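Sequence lines set the chain letters: A, B, ... in the order given, protein chains first and strands last, and positions in each chain run from 1. From a predicted model like this one, the values you see are computed outputs, not experimental measurements.
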Protein chains: 2
Amino acid sequence: MPDSASRKQVTIYDIADRAGTSASTVGAVLNGSWRTRRISENRANTIRKIANEMGYAPNMQARALRSVRSRMIGMIIPMYDNRYFGAIAERFELEARARGLLPMTSCTRREPELELATVRQMLSYNVDRIVCAGASDPDGIARICQAQDVPTINLDLPGTAAPSIISNNYTGAYKLTAALIARADADNRDWHEDFLFVGGRPTDHYTSERIRGFRDAIADAGAVPVEDNILACGYAAAKSKAAFSAKIESTGRMPTAVFVNSTISLEGVFEWLAQYDRAALDTILFGSFDWDPFAQYMAQNLFSVRQDVSAMLDAMFQVIDSDPPHDPKLIQIEPIVISDGAEWHAETASVMKSEAHA
Amino acid sequence: MPDSASRKQVTIYDIADRAGTSASTVGAVLNGSWRTRRISENRANTIRKIANEMGYAPNMQARALRSVRSRMIGMIIPMYDNRYFGAIAERFELEARARGLLPMTSCTRREPELELATVRQMLSYNVDRIVCAGASDPDGIARICQAQDVPTINLDLPGTAAPSIISNNYTGAYKLTAALIARADADNRDWHEDFLFVGGRPTDHYTSERIRGFRDAIADAGAVPVEDNILACGYAAAKSKAAFSAKIESTGRMPTAVFVNSTISLEGVFEWLAQYDRAALDTILFGSFDWDPFAQYMAQNLFSVRQDVSAMLDAMFQVIDSDPPHDPKLIQIEPIVISDGAEWHAETASVMKSEAHA
DNA sequence: CTTTGTTGCGCAATCGATGGTGCAAGGCTA
DNA sequence: TAGCCTTGCACCATCGATTGCGCAACAAAG
């Protein structure tokens, strides 16, 4: 029916013509406000029928222009290259769509400039809300968005200017460390001098919390954390590989246990071992903060922290759905420690001294 | 400056007020059409200065409403849970942004219904173009989009109604199979009866092409492909695990080599081996169609096909940028075989009989 | 001093949906 | 039968950017 050049989309005006009514009536019927506008049941039915026949779909640009709300929700996320962020993106899209929102996710590679540019671009399109997952500067983004009355919410990394939903990195690291210690003790292996922490930046929230959990778990096991064993060398595989390599060279022996701070850093450690000491893959106790299916099968003794993406996103959408809006507050979700594909339960959890924020 | 409720965004009217000119002049200056509208250099400069001061950003909804083009480009993709699609999404966003387009990627979980619904939703927002990556029914989608004059382009899976950029699955599978055979021969191991193909659906394009490459490589090596060894059991890890398990039980021995059709299927195979025969991880020759960093370190002898995402997306954007638009045509990009982290070169490549499409 | 051109810019319609307001027709009461 | 209320709908301004058209001012030409 629509001739190629002239008419691209069916509009309420087209429907109004066919139905012999006005566009405002059609609009009211099709957007659901017809009851309050006192359109008769009959007319509503005819209009809906015609709209169906003609294949009407609202022009969201026009709707957004007029009503200010666009029904789009944006999300920035560092990258898609690990299971954690992949799962976040997937779940986010699912939940957004379930609410009739158009999800717009964009990966910003942990580059602060790109994060800001992307947020500004999203604001240009009048997104109703922005989720900042693992953003470098969530408060800066929140400020820009607040200027345009667009609420934000932080995921994975906390901010002070908007509600934040994050994993409890402290307890996750504590439990992971405790699990490695329990296994080492069970195997009668001495870990006191040979327990490494590899990867991450000491300045970021994740890493500082995880190091705190690592230290506390060691201390609670009656040992003294060896500061030289904490190699917060950055995340990149190449960096963790280099740091691990240097450490091995300087001590001249393999560690008993290694806490690796991110799967990307774990890649580096595994690459080194696959290259220079394959056998060690079966003897070293690995702890990985973040889970990956292959990593899980790779080493004999790998414990992983799997962040509870479901729970995090449920909590986030609960905040989003809430009315009136939440104050900025921090919600921490407990991650899960996994060993051999199953959840690991800390018998030692009770000895944890301080779960509170530092 | 803007009081919270009244003014959310700076508009061309605000700027016009301040500059003492008309909105159309401001609009022309800020969208670049001012030269053809004969606005003086001076005025253009003042307007730009004021726009900067006031932090102007165009309302894309309004622009799209008027000019029909939205400067958004959509992409549907099956999932984010492997490196291949993750890399595609990341690269797509990068290139789109470089062209001033807002990328909108959405994962549709290989569900045809969800794919169509998502496409329709994107059309509602007037996206300028849609990329169908790994879509179940690219031609169906193309038809819907053509009705609204929105061009589509297929990635990863071909269609007939729009240009398609895909990996050469046939040569990839051929080379991967040849690499495994070469290794087995070098090790003096008999593979003739013990070469499995695991994973995928025999009806989909990927799988049928890869099976064809698998068969041809075996035939070209002078053997007869064993049909019972082709376990196209679906992709899911649980399915490949079950199929692999059943095969082992029925033959009572480990295969010499396994061609695994997707990393997700590889997960299932590795899971079974990690559970029941860890030692076999170091003896079986694995071929994985798709690359994963951990899988790469996992087994002693793993060859992977890494699809050339860079080349694919370059080719795709070349088609997108081209004017006049391309006819539907198929562009095949050669994937890369990787062994021990480095590209593997087929000495045997020359014996490949038919690289042509079946 | 009139005609013809050029430069520089403003006016107003337009895209499609929304929602305030107005108004006719019919029913009901006084 | 006038007055009033309810029902049912249409009219029109509006959101912000784009664009065809027109017109004033000034210069150059005749």
**Asked** Which listed nucleotide (D/dC9, C/dG16, C/dG8) is nearest to the side chain of A/Arg38?
**Response** D/dC9
**Message:** What is the distance, to the nearest angstrom, from the CD1 atom on A/Ile12 to the C1' atom on C/dT18?
**Reply:** 8 Å
**Asked** What's the CZ-P distance between A/Arg69 and C/dT18, to the nearest Å?
**Response** 15 Å
**Asked** Could you state the CE-C1' distance from B/Met60 to C/dG16, rounded to the nearest angstrom?
**Response** 18 Å
**Item:** Closest listed nucleotide, where the reference is the side chain of A/Tyr56 and the choices are D/dG8, C/dA17, D/dT18
**Value:** C/dA17
**Request:** For the side chain of B/Thr21, starting at C-beta, report the closest nucleotide among C/dC9, C/dT14, C/dG10.
**Result:** C/dG10
**Prompt:** Closest to the A/Arg43 side chain: D/dA10, D/dG16, D/dA13?
**Reply:** D/dA10
**Asked** Does A/Thr25 put a side-chain nitrogen or oxygen below 4.0 Å from OP1 or OP2 of D/dA10?
**Response** yes
**Asked** With a 4.0 Å cut-off on heavy atoms, is A/Arg37 in touch with a base, just the backbone sugar-phosphate, or nothing at all?
**Response** base
**Request:** May I ask you to verify if any side-chain N or O of A/Ser22 is less than 4.0 angstrom from the OP1 or OP2 atom of D/dA10?
**Result:** yes
**Prompt:** Between the axis at one end of the helix from C/dC1-D/dG30 to C/dA30-D/dT1 and the axis at the other (five pairs apiece), what's the angle to 10 degrees?
**Reply:** 70°
**Request:** Give the nucleotide from the list C/dA17, C/dC9, D/dA17 with an atom nearest to the side chain of B/Asn59.
**Result:** D/dA17
**Item:** Donor-acceptor contact below 3.5 Å, side chain A/Asn31 vs main chain A/Ser33
**Value:** yes
**Prompt:** What is the distance, rounded to the nearest whole Å, between atom CG of A/Asn126 and atom P of C/dA17?
**Reply:** 17 Å
**Asked** Phosphate oxygens OP1/OP2 of D/dT18: is one of them under 4.0 Å from a side-chain N or O of B/Arg63?
**Response** yes
**Asked** What nucleotide, of D/dA17, C/dG16, D/dC21, holds the atom closest to the side chain of B/Tyr13?
**Response** D/dA17
**Prompt:** Quick check: does any side chain N or O of B/Arg18 sit under 3.5 Å from a backbone N or O of B/Asp14, one acting as donor and the other as acceptor?
**Reply:** no
**Prompt:** Angle class for the A/Tyr206/A/Tyr235 ring planes (parallel below 30°, perpendicular above 60°, tilted otherwise)?
**Reply:** perpendicular
**Asked** Donor-acceptor pair under 3.5 Å: do we get one between A/Ser24's side chain and the base of D/dC9?
**Response** no
**Asked** B/Gln9 has an atom CD; how far is it from atom C1' of D/dA17, in whole Å?
**Response** 12 Å
